[in-house]
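Sequence lines set the chain letters: A, B, ... in the order given, protein chains first and strands last, and positions in each chain run from 1. On a predicted model such as this, the values are computed, not experimentally measured, just so you know.
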Amino acid sequence: MFRPVDEQLKMLCAGAVQIETVDELRKKLEASRAASRPLRVKLGMDPTAPDIHLGHTVVLRKMREFQDLGHKAVLIIGDYTAMIGDPSGKTKTRPMLPPEAIKRNAETYFQQAGKALDTAPEKLEIRYNSEWLGKMNLADMLKLSSRVTAAQIFQRRDFKERLKNDVDIALSEFIYPLMQGWDSVVIRADVELGGTDQLFNNLVGRELQRDEKQEPQVVMVMPILEGLDGAQKMSKSLGNYIGVSEPPNEMFGKAMSISDDLMWRWYEMLPGKAEADIAALKAGHPMEAKKALAAALVERFHGANAAQAAREHFDNQFSKKKLDEVAEPLAVAAGKIGLIELVGKTGAFKSRGDIRRIIQEGGVQLDGEKQTDPKAVIEPRAGQILRAGKRVIRRIELAG
RNA sequence: GGAGGGAUAGCGAAGCGGCCAAACGCGGCAGACUGUAAAUCUGUUGACUAACGUCUUCGAAGGUUCGAAUCCUUCUCCCUCCA
């Protein structure tokens with residue numbers, strides 16, 4: 001039932017930043033194969049951020065590989081821990097979330113994670129950690145917290161930084177890694193996956209398992225994907241992300257806007273291309289390579305047809321400038337209308353002053369002609385193409 | 001408990017009675033250049049106005065003043081040192 005251990009190991013180690021330890025992973029794989037027992041691979045999901053983006057998919061893909069090799073994914077929805085907020089990689093304390101919001105987020109999360117994981121029941125187990133954490137009492141908690149020393153906690157880079165910069169750390173945040181580690185004990189994890197920012201938390205899981213006389217889990221951390229800006233990690237709060245449920249054209253466009261340098265780094269982490277393929281792409285035109293990347297991403301979440309369509313849309317909009325192909329309809333009443341009002345109907349700008357500004361700066365075109373007079377009153381005709389800024393392109397339709 | 005320091009636009013950070021809708025940097029938006037790249041350069045970045053200008057903003061509430069982000073009082077939150 002299971003493939004040879006060396007083969008599995010090679011595949012699983014690919015792309016990981018750090019594995020604690022490879023030897024243990026090998027032993028576990030050997031034992032698993034001998035006993036025909038799938039490994040339990042844990043991944044914690046934080047339901048505070050319901051939009052799954054490409055950054056999450058790096059880890060999810062690894063999880064999928066485990067599944068494809070016959071192992072079992074155990075997805076932990078951190079509904080209980082979310083009430084505290086994971087300090088990992090954070091520079092400030094997170095607000096606690098109300099239970100309803102957590103529930104809603106968890107549902108969305110699962111729905112989106114399903115795009116990346118095999119959701120067959122024998123391949124995927126979903127657990128909410130309130131199931132066991134919610135039952136703990138103060139005595140249990142104290143017992144648990146006696147297992148980790150303050151020194152260990154303070155060693156963490158996130159906390160060090162915050163202490164150095166006089167940023168608050170809520171006491172509850174010290175407990176977070178313990179709770180997450182306890183999850184591993186309860187579900188008897190063989191492997192825990194995570195991003196590099198999860199290393200500390202995941203290692204605590206090992207400690208706790210050892211204390212409980214379990215075989216410690218193997219910790220495998222994956223690289224953190226950089227966001228669209230190429231500077232900070234991809235995250236929802238920074239707004240530099242591509243969400244897995246975004247429409248194809250959005251995905252394609254966002255992917256095209258990244259720098260060439262970033263593109264190659266994405267190539268290494270995202271589409272699972274062989275090095276030879278990447279080398280070949282590097283020899284060609286960077287724009288082609290970027291379009292190929294963008295198309296690959298769209299294809300993964302929306303299918304090949306959508307990828308092809310998104311690519312054509314992009315070419316029409318920017319390369320061939322066939323604006324009428326990509327314009328969205330904009331319904332306006334027949335008759336004269338101020339230019340500002342007309343642009344305002346697109347709903348893409350926050351204030352009239354804002355619109356006036358882009359008009360004066362030459363950002364508004366009507367059928368390809370720049371309109372630079374904010375006072376202008378025009379009489380739009382059906383079929384005219386209105387362009388405001390780079391992205392807002394509308395075809396005028398007369399109503400009434 | 002004692003002594004000090006701070007809270008300013010999306011963020012960081014100046015300003016300390018009128019010239020402040022508030023310097024500067026980042027971010028955002030637009031333009032030029034391009035491969036919708038990136039980098040760079042230019043402009044712009046509270047709302048309404050064609051404009052003059054008007055209105056709302058500097059932790060909260062009051063007050064002093066012709067006039068307050070700036071001074072006073074109270075309150076809230078944060079930090080540092082001491083105990």
For this session: Would you tell me whether A:Glu299 and A:Gln308 have side-chain atoms, one donor and one acceptor, within less than 3.5 Å of each other?
Result: no
For this session: Take atom C1' in B:U56 and the same atom in B:C20, then report the distance between them in whole Å.
Result: 15 Å
Exercise. How close or far is atom C1' of B:G46 from atom CZ of A:Arg357, stated in whole angstroms?
Worked result: 9 Å
Exercise. So does A:Lys291 get a side-chain nitrogen or oxygen closer than 4.0 Å to the phosphate oxygens (OP1/OP2) of B:U36?
Worked result: no
For this session: To the nearest Å, give me how far apart NZ (A:Lys375) and C1' (B:A50) are.
Result: 4 Å
For this session: Please determine which of A:Lys28, A:Lys27, A:Gln209 meets the side chain to side chain donor-acceptor pair (under 3.5 Å) test together with A:Glu215.
Result: A:Lys28
For this session: Evaluate the ring planes of A:Trp264 and A:Tyr267, with Trp represented by its six-membered ring, and classify them as parallel (under 30°), tilted (30 to 60°) or perpendicular (over 60°).
Result: parallel
Exercise. Considering only B:U36, B:G43, B:A38, which nucleotide approaches the side chain of A:Ser259 most closely?
Worked result: B:A38
For this session: May I ask which nucleotide in the shown strands pairs with B:G67, Watson-Crick or G-U wobble, both distances under 3.5 Å?
Result: none
Problem set entry | B:C66 to B:G12 separation - C1' atoms, rounded to the nearest Å | 36 Å
For this session: Whole angstrom is fine here: how far is it from NZ in A:Lys254 over to P in B:G35?
Result: 25 Å
Problem set entry | B:A39 versus B:C29 - spacing of their P atoms, nearest Å | 12 Å
Problem set entry | Phosphate contact (B:A47 OP1 or OP2) by A:Arg352 side-chain N/O below 4.0 Å | no
Exercise. Which part of the nucleic acid does A:Lys290 contact within heavy-atom distance under 4.0 Å: base, sugar-phosphate only, or nothing?
Worked result: base
For this session: Let me know the distance between CG of A:Leu262 and P of B:A39, rounded to the nearest Å.
Result: 11 Å
Exercise. Rounded to whole angstrom units, what separation is found between the CZ atom of A:Phe349 and the P atom of B:U45?
Worked result: 16 Å
Exercise. Side-chain N or O of A:Ser351 less than 4.0 angstrom from OP1 or OP2 on B:A47?
Worked result: yes
For this session: Could you give the distance separating B:C16 and B:A69 at their P atoms, to the nearest angstrom?
Result: 14 Å
Exercise. Are the side chain of A:Gln317 and the backbone of A:Ile393 linked by a donor-acceptor contact shorter than 3.5 Å?
Worked result: no
Problem set entry | B:A9 to B:U45 separation - C1' atoms, rounded to the nearest Å | 11 Å
Exercise. Between B:U49, B:C29, B:G35, which one does the side chain of A:Arg356 approach most closely?
Worked result: B:U49
Exercise. Is the distance from OP1 or OP2 of B:A32 to the nearest side-chain N or O of A:Lys370 less than 4.0 Å?
Worked result: yes
For this session: Write down the distance separating the P atoms in B:U73 and B:A23, rounded off to the nearest Å.
Result: 30 Å
Problem set entry | Whole-Å distance separating the CD1 atom of A:Ile359 from the C1' atom of B:U44 | 14 Å
Exercise. Which whole number of Å gives the distance between the C1' atom of B:C71 and that of B:U64?
Worked result: 8 Å
For this session: Would you please classify the geometry between the A:Phe2 ring and the A:His71 ring as parallel, tilted or perpendicular, with 30° and 60° separating the classes?
Result: parallel
For this session: Would you please confirm or rule out a distance under 4.0 Å between OP1 or OP2 of B:G35 and any side-chain N or O of A:Ser319?
Result: no
For this session: Indicate whether the side chain of A:Glu20 and that of A:Gln18 have a donor and an acceptor atom separated by less than 3.5 Å.
Result: yes
Exercise. If you look at every strand shown and take non-hydrogen atoms under 4.0 Å, does A:Pro286 touch a base, only sugar-phosphate, or nothing?
Worked result: base
For this session: With C1' as the reference atom in both, quote the distance from B:G28 to B:C75 in angstrom, rounded to an integer.
Result: 36 Å
Seminar exercise, completed: Whole-Å distance, A:Asn240 CG to B:G28 P, equals 10 Å
For this session: Assess whether one donor atom and one acceptor atom, taken from the side chain of A:Asp229 and the base of B:G27, lie less than 3.5 Å apart.
Result: no
Problem set entry | Watson-Crick or G-U wobble partner of B:G35, both distances under 3.5 Å | none
Problem set entry | RNA chain B: 5'-proximal contact among A:Pro374 and A:Ala255 (nearest heavy atom) | A:Ala255
For this session: Quick one: sort the A:Tyr109 and A:His56 rings into parallel, tilted or perpendicular, breaks at 30° and 60°.
Result: perpendicular
Problem set entry | Who pairs with B:G43 - Watson-Crick or G-U, where each distance is under 3.5 Å | B:C29
Seminar exercise, completed: Rounded to whole Å, the CD-P distance (A:Gln232 to B:G12) equals 13 Å
Exercise. In the structure shown, which nucleotide is the Watson-Crick or G-U wobble counterpart of B:U76, with both distances under 3.5 Å?
Worked result: B:A7
